[in-house]
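Position 1 is the first residue of the sequence; numbering continues from there. These figures come from a predicted structure and were not determined experimentally. Both ligands and their constituent atoms are indexed starting at 1 by order of listing.
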Amino acid sequence: MKVINIVGARPNFMKINPLVREMKRQQVDQLLVHTGQHYDQAMSESFFQELGIPEPDINLEVGSASHAVQTAEIMKRFEQVCLSEHPDMVLVVGDVNSTAACSLVATKLGIAVAHVEAGLRSRDRSMPEEINRLVTDVLADLLFTTSRDADANLLQEGIPAEKIHFVGNTMIDSLLLQLDRAKERHTHRRFQVEPGQYAVLTLHRPANVDEADQLEYIIGTLALVQEQLPIVFPVHPRTAANLKRFGLEEKLRNLPGVIMAEPLSYLDFMDLYHRSRLVLTDSGGIQEETTYLQIPCITLRENTERPITVTEGTNYLTGTNREQILNAFDEIMSKGGKQGRIPEYWDGKAAMRIVKILLEQKRRD
Ligand code: UD1
């Protein structure tokens, strides 16, 4: 069996790594294709170096563009790869544009598609990732899920049960593989904060950072939080560009408790959040990483495709309403926040389960 594994953007790299390792161990014939959706040292290369992911066999070098142009470029270039490499299967992870684009190409060429992290739904179609999730799942032949609610979503959408496999979370596999190495980084020292006495902030969703009023309102809330707890803020390139464009960068820099930084590498960032008092984020994956490590998380979004982090984990879904954020913040500061438990199968063995199923499937064909 020949598998093409796809990566494109930052949140894909840690999800593919345990799978590439396990496929190697099981001697699966595999190629790694990087679409080039993310391309610079901080957003891409540093992840390959730290995770020890082999250099991509092929890089499509599509770069940044509008959704339509980026998706179309990935499709045009990836079709050529499929035509010359003749894979039996294309494996995609997560919900970025590369995930949906490569699934569509493979399906139209009659190549099976496996989707890792299938079935998550925010039910918010204004999120580009929700569209990518819907498109990918309707096309995929094998759907690997991280939680039982994702299975239920897929069944409700009419996906046959035999295609769905609850396997756990490869991002948590990756976290477990790297946590000890991450702990050696002592990233907090770089920002002159003490373990347990700072917050970590990430912010990059278009809904939060693409409009000046919304971004300014969020900064107003951060101004209140930083009076009580320093905030370390590695700034995503989308957000950095918008802060400049809207003339808000100075406002943020003038807050004494906000420490702005370049995007951090995987290990540096893991070390930073695992020692933090709490995390404020609009990311998807960080909701899961904090739930696993039982770090309180305040999610600055109106919805989440990862509800298990709220029902079982340490996540507070506050939206960006100031009062709600401050209520959650006060609860965490005064009482420590939710206790939380680690969700089922988030045990470091998801990649093993996935590759086992792929090999069984091949035997049946
Ligand atoms: C993408 C994903 C999002 C994911 C996020 C993580 C989609 C639809 N969105 O959003 O799901 O959470 O990645 O980062 O796939 N840029 C750089 N260097 C890079 C890449 C981008 O400077 O290596 C800059 C470019 O100016 C670009 C902007 O960041 O225009 C946004 O990048 P883009 O890939 O369009 O979207 P993200 O917001 O990163």
Side-chain angles (χ1 to χ4, degrees), residues 6-16 33-49 56 59-75 78 92-104 115-118 120-122 124-137 171 174 200-211 214-215 233-246 249 261-266 268-269 273 279 281-289 297 299-301 303-306 309:
I6 305 292
V7 287
R10 183 168 67 173
N12 293 160
F13 306 132
M14 61 293 265
K15 293 172 192 166
I16 210 76
V33 172
H34 191 332
T35 64
Q37 180 177 343
H38 283 175
Y39 41 85
D40 59 27
Q41 167 70 22
M43 300 297 284
S44 177
E45 263 167 59
S46 77
F47 287 77
F48 280 78
Q49 287 154 1
N59 193 325
L60 304 178
E61 296 180 345
V62 296
S64 300
S66 69
H67 283 273
V69 170
Q70 188 176 62
T71 306
E73 277 304 323
I74 297 169
M75 288 182 68
F78 185 56
V92 295
V93 298
D95 56 13
V96 300
N97 286 346
S98 304
T99 311
C102 292
S103 304
L104 198 49
H115 184 205
V116 173
E117 206 184 82
L120 299 181
R121 296 289 180 269
S122 65
D124 174 0
R125 291 198 181 193
S126 69
M127 275 181 87
E129 294 79 7
E130 183 74 354
I131 307 302
N132 293 335
R133 292 189 276 262
L134 287 162
V135 168
T136 305
D137 285 342
M171 202 184 58
S174 191
V200 176
L201 167 71
T202 79
L203 205 60
H204 76 282
R205 290 278 152 223
N208 283 338
V209 305
D210 281 4
E211 274 169 34
Q214 174 69 354
L215 191 51
F233 180 25
V235 188
H236 186 282
R238 172 187 287 277
T239 312
N242 287 343
L243 284 169
K244 277 206 178 72
R245 189 155 65 97
F246 302 145
E249 194 186 334
E262 296 293 309
L264 294 176
S265 74
Y266 183 63
D268 284 350
F269 186 65
Y273 68 71
V279 172
T281 191
D282 60 8
S283 148
I286 296 170
Q287 297 171 56
E288 297 182 339
E289 291 166 330
C297 179
T299 296
L300 310 177
R301 289 174 42 189
N303 49 58
T304 179
E305 61 290 333
R306 294 162 160 92
T309 60

E130/R125 ion pair, N-O < 4.0 Å: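 No salt bridge links E130 with R125.
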Could you pull out the N/O contacts under 3.5 angstrom between ligand 1 and the surrounding protein atoms?
from	atom 1	to	atom 2	distance (Å)
ligand 1	11 (O)	E129	OE2	2.5
ligand 1	12 (O)	H204	NE2	2.9
ligand 1	13 (O)	H38	NE2	3.3
ligand 1	14 (O)	H236	NE2	2.9
ligand 1	15 (O)	Q37	NE2	2.8
ligand 1	15 (O)	N97	N	2.8
ligand 1	16 (N)	Y39	OH	3.4
ligand 1	18 (N)	D40	OD2	2.8
ligand 1	22 (O)	D40	OD2	3.4
ligand 1	23 (O)	Y39	N	2.8
ligand 1	23 (O)	D40	N	3.1
ligand 1	23 (O)	D40	OD1	3.4
ligand 1	34 (O)	H38	NE2	3.1
ligand 1	38 (O)	R238	NE	2.7
ligand 1	38 (O)	R238	NH2	3.4
ligand 1	39 (O)	H38	NE2	2.9
ligand 1	39 (O)	H236	NE2	3.1

Is it true that, when you exclude Q41 itself, more than 12 heavy atoms of the residues, nucleotides or ligands shown sit nearer than 6.0 Å to its CD? yes
I'd like to know if the side chain of T281 pairs up with that of Y273 as donor and acceptor (distance under 3.5 Å, no hydrogens or angles considered). no
In Å and rounded to the nearest 0.5 Å, what is the CD to OG distance from Q49 to S265?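 It comes to 9.5 Å.
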Within the side chain of T35, is there an N or O that forms a donor-acceptor pair under 3.5 Å with the backbone of Q37?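 Yes; at least one donor-acceptor contact below 3.5 Å.
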Donor-acceptor pair, distance only, cut-off 3.5 Å: does the side chain of S174 make one with the backbone of K15? no
